[in-house]
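To start, the structure under review is shown below, and the notes come after it.
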Amino acid sequence: MPDLFAPLRMGDLELANRIVMAPMTRSRADARGVINASARVYYGLRSGAGLLITEGINVGPMSNAFDRAPGLWADEQVEGWKPIVDHVHEKGGRIVAQLWHGGRASARGLLDDQQPLSPSGVNDDLDRLQVWALLANGAYVKIAATPSRAMTLPEIHAVLHEFRTAAVNAARAGFDGVEIHGANGYLIHEFLSPTLNLRDDDYSGSPEGRARLLREIIAAIADVMPLARVGLGLSPFAEYNNVRDPNPGDTYGHVARWLDRIGLAYLHIADTNAWAGAPDYDRLIPLIRANCHGPLIVNGGITPAKAAEIVGHGDADAVAFGRLFLANPDLPERIRVGAPYNTPYSVGAYGGGDTGYLDYPTLDASPQAVSDA
Ligand SMILES: Cc1cc2nc3c(=O)[nH]c(=O)nc-3n(C[C@H](O)[C@H](O)[C@H](O)COP(=O)(O)O)c2cc1C
């Protein structure tokens, strides 16, 4: 069976190893959603991953759960990504753009005073939503979500258009592909949830109805990009953003069977509860593997030793690491030689400058290593 350093082909994506960098919002874009210049060094230092999945990238101005997340709808945003993608490629890496619509996890203050969009305007739990903003004094703080409203059909169609345009723009920026963010209680996940999606139209009801938005987003992207370059992130058991699916087996059994027929580059399953110390692997991997046989990346609270086991047993094809990659730019090398790991600092996860962003030492730590990165 393969180890973490065996190459892997997922659709059109050729990975040098099975160590993937999980998507991580770092909230350092400018106010127009143009990615920060330091991201070239940040991603470049991590290009030893078999695949880099970018931080969540907003597909349009109504997607804004985390202030200062970058976008991919305007030309200047596309231009911002080009040097980053080029640099990763120069270093032999692969990088896909995670396409994100935050849905109800937002606030008027982040949306030019408009109401956040959601399937049905369920607003009984706003304190559970993760919405973050940059204050004028530089602090990055959780703010109150404001009530969302149910999307109209034209608004749903506009979101399809946004995902299609973002995929076009990802290709223009040179990305190897895209990952659709269907996880963690954001718009696509909200539509999949029977408690957040109470609509009475074709986008609701049965698992098939609730998965319609996802199917249409994939179809919209397929118009402009081969599906062999498109991945999908899902988190069936997640409680994050209070997404509440009492029967994930039904919802995601259906989704996985459908995905099995269409053949994406990969499915990326985030065990989001494991992030908070409550893993669901034992039910998560069997649910997906029983229904979908394409390339599978798993993520969430996985140690390198566990990752080697998962890949070695063939339970998944690759493992994505979040916080370990945040704190260890040269994570694959550290795994390979058995070096110790840096732990994440208490500052700089979201927002701010290069502290907590570019200053994690590599094994050959020197200022030179960072400036040349
Ligand atoms: C700082 C930070 C930002 C994150 N941002 C995103 C994101 O933009 N998109 C996403 O799908 N998951 C995001 N996540 C979740 C990670 O992709 C991953 O699921 C989580 O960190 C658990 O994996 P780990 O235990 O290896 O860290 C984020 C996690 C962290 C720590």
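Position 1 is the first residue of the sequence; numbering continues from there.
- For F175, the ring pair (Phe, Tyr, Trp, His ring centres under 6.0 Å) partners two or more places apart in sequence, or in a different chain, are W81.
- Residues passing the ring pair (Phe, Tyr, Trp, His ring centres under 6.0 Å) test with W275 are Y240, sequence neighbours excluded.
- For N184 (side chain) and S235 (main-chain N/O), no donor-acceptor pair under 3.5 Å exists by modelled atom type.
- Screening residues 98-108 for salt bridge (charged side-chain N to carboxylate O under 4.0 Å, His left out) gives R104-D125, R108-D113 as the qualifying pairs, with residues at least two apart or on separate chains.
- Within the structure, salt bridge (charged side-chain N to carboxylate O under 4.0 Å, His left out) contacts touching residues 44-71 (residues at least two apart or in different chains) do not occur.
- Annotation: side chain of H87 is not in contact with side chain of V41 (no heavy-atom distance under 4.5 Å).
- A donor-acceptor pair shorter than 3.5 Å cannot be found between the side chains of H189 and N241.
- Residues P248 and P236 share a closest heavy-atom pair of CB-O, 3.5 Å.
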### Query
Between L51 and I95, does a side-chain contact (heavy atoms from CB on, under 4.5 Å) hold up when you go through it step by step?
CA-CA 6 Å; L51 182 68; I95 183 166; 5.9 Å; no
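- In this model, no donor atom of one side chain and acceptor atom of the other lie less than 3.5 Å apart for N36 and S38.
- The side chain to side chain donor-acceptor pair (under 3.5 Å) contacts involving residues 293-309 comprise D260-H293, where partners must be two or more places apart or lie in separate chains.
- Sorted by first and then second residue, the pairs that involve residues 15-47 and meet ring-ring contact (aromatic ring centres under 6.0 Å, His included), not counting sequence neighbours, are Y42-Y357.
- Side chain of Y345 to backbone of A327: no donor-acceptor contact under 3.5 angstrom is found.
- For the residue pair S148 / N123, a side-chain donor-acceptor distance below 3.5 Å is found, with atom types taken as modelled.
- Counting all heavy atoms, side chain and backbone alike, D315 lies closest to R289 at O-NE, 3.1 Å.
- F66 and W132 have parallel rings, their planes meeting at less than 30° on a 0 to 90° scale where 60° marks the start of perpendicular.
- By the 4.5 Å heavy-atom criterion applied to side chains, P119 and M151 are not counted as neighbours.
- Without hydrogens or angle criteria, S63 side chain to G102 main chain gives a donor-acceptor distance under 3.5 Å.
- Expressed to the nearest 0.5 Å, how far OG1 of T54 lies from NE2 of H181 amounts to 10.0 Å.
- Tracing side-chain contacts under 4.5 Å through hydrophobic residues (I, L, V, M, F, W, Y), one reaches F163 starting from L153; they form part of the same cluster.
- Side-chain atoms of S106 never come within 3.5 Å of backbone atoms of P116 as a donor-acceptor pair (strictly under, hydrogens ignored).
- Put simply, L326 and I302 are part of the same group of oily side chains (I, L, V, M, F, W, Y) that touch within less than 4.5 Å, one to the next.
- To the nearest 0.5 Å, atoms CD1 (I269) and CG (L234) are separated by 5.0 Å.
- Scored by the ring pair (Phe, Tyr, Trp, His ring centres under 6.0 Å) test, Y140 finds Y350 as partners (sequence neighbours excluded).
- Judged as a salt bridge (charged side-chain N to carboxylate O under 4.0 Å, His left out), not a single pair has a partner in residues 181-193 (not counting sequence neighbours).
- With hydrogens and angles ignored, the 3.5 Å screen pairs no side-chain donor or acceptor of N58 with any backbone N or O of G71.
- With respect to M62, the side chain to side chain contact (heavy atoms under 4.5 Å, CB included) criterion is satisfied by exactly one of L187, L111, V159: L111.
- A donor-acceptor pair is defined here as one N or O able to donate and one able to accept, closer than 3.5 Å; such a pair exists between the side chain of S204 and the backbone of R199.
- With sequence neighbours left out, the side chain to side chain contact (heavy atoms under 4.5 Å, CB included) criterion links A290 to no other residue.
- Pairs passing the salt bridge (charged side-chain N to carboxylate O under 4.0 Å, His left out) check and including a residue from residues 151-161, sequence neighbours excluded, read R149-E155.
- Of the candidates L198, L196, D200, T195, L198 is the only one forming a side chain to side chain contact (heavy atoms under 4.5 Å, CB included) with S120.
- With a 4.5 Å cut-off on side-chain heavy atoms, V141 and L135 count as touching.
- By the criterion of side-chain heavy atoms lying less than 4.5 angstrom apart, applied directly or through intervening Ile, Leu, Val, Met, Phe, Trp or Tyr residues, Y266 is not grouped with V319; the two fall into different hydrophobic clusters.
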Side-chain donor/acceptor pairs under 3.5 Å, residues 6-22, sequence neighbours excluded:
| unit_1 | atom_1 | unit_2 | atom_2 | d |
| --- | --- | --- | --- | --- |
| R9 | NE | G11 | O | 3.0 |
| R9 | NH1 | E14 | OE2 | 2.3 |
| N17 | OD1 | I19 | N | 2.9 |
| N17 | OD1 | G50 | N | 2.8 |
| N17 | ND2 | G48 | O | 3.0 |
| R18 | NE | A6 | O | 2.9 |
| R18 | NH1 | D317 | O | 3.0 |
| R18 | NH2 | P7 | O | 3.1 |

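- The backbone N or O of G300 lies less than 3.5 Å from no partner atom in the side chain of D271, so there is not a single donor-acceptor pair.
- Closest of all the heavy-atom pairs between A145 and A107 is CA-CB, 4.3 Å.
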### Message
Please determine whether side-chain hydrogen bond (donor to acceptor under 3.5 Å, both in side chains) holds for the pair T25 and S27, giving the CA-CA distance in whole Å, both sets of side-chain angles, and the decisive distance to 0.1 Å.
### Response
CA-CA 6 Å; T25 291; S27 304; 5.7 Å; no
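- If you check the side chains of N197 and R210, you find no donor sitting under 3.5 Å from an acceptor.
- Using modelled atom types, one finds a donor on one side chain and an acceptor on the other under 3.5 Å when comparing T251 with D245.
- Judged purely by atom type and a 3.5 angstrom limit, N342 has no side-chain atom pairing as donor or acceptor with the backbone of N328.
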Below 3.5 Å, can you tabulate the donor-acceptor pairs from side chains in residues 213-228 to any protein atom, sequence neighbours excluded?
| unit_1 | atom_1 | unit_2 | atom_2 | d |
| --- | --- | --- | --- | --- |
| R215 | NH1 | E208 | O | 2.9 |
| R215 | NH2 | E208 | O | 3.4 |
| E216 | OE1 | Y203 | OH | 2.6 |
| E216 | OE2 | Y203 | OH | 3.4 |
| E216 | OE2 | R212 | NE | 2.7 |
| E216 | OE2 | R212 | NH2 | 3.0 |
| D223 | OD2 | R164 | NE | 3.4 |
| D223 | OD2 | R164 | NH2 | 3.2 |

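- Judged by distance alone, with hydrogens and angles left aside, the side-chain atoms of D30 form a donor-acceptor pair with the main-chain N or O of V34 at under 3.5 Å.
- Outside the 6.0 Å centre-distance limit, the rings of Y252 and F237 are not counted as a close aromatic pair.
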### Message
Working note: D86 + R40, criterion salt bridge (Lys or Arg N to Asp or Glu O under 4.0 Å); need CA distance, chi angles, decisive distance, verdict.
### Response
CA-CA 9 Å; D86 285 350; R40 179 176 177 278; over 6 Å; no
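- Although no hydrogens or angles enter the test, the distance criterion places a donor-acceptor pair under 3.5 Å between the side chain of Q77 and the main chain of A74.
- Residues W73 and W100 are members of separate hydrophobic clusters, defined by side-chain heavy-atom contacts under 4.5 angstrom among Ile, Leu, Val, Met, Phe, Trp and Tyr.
- Contact detail for G301 and Y281: the closest heavy-atom pair is N-OH, 4.5 Å.
- In plain terms, the two heavy atoms of P295 and A265 that are nearest each other are CG-O, 3.2 Å.
- Looking only at side-chain heavy atoms (C-beta outward), V131 and L110 come within less than 4.5 Å of each other.
- A continuous path of ILVMFWY side-chain contacts below 4.5 Å connects I288 to I188, so both sit in one hydrophobic cluster.
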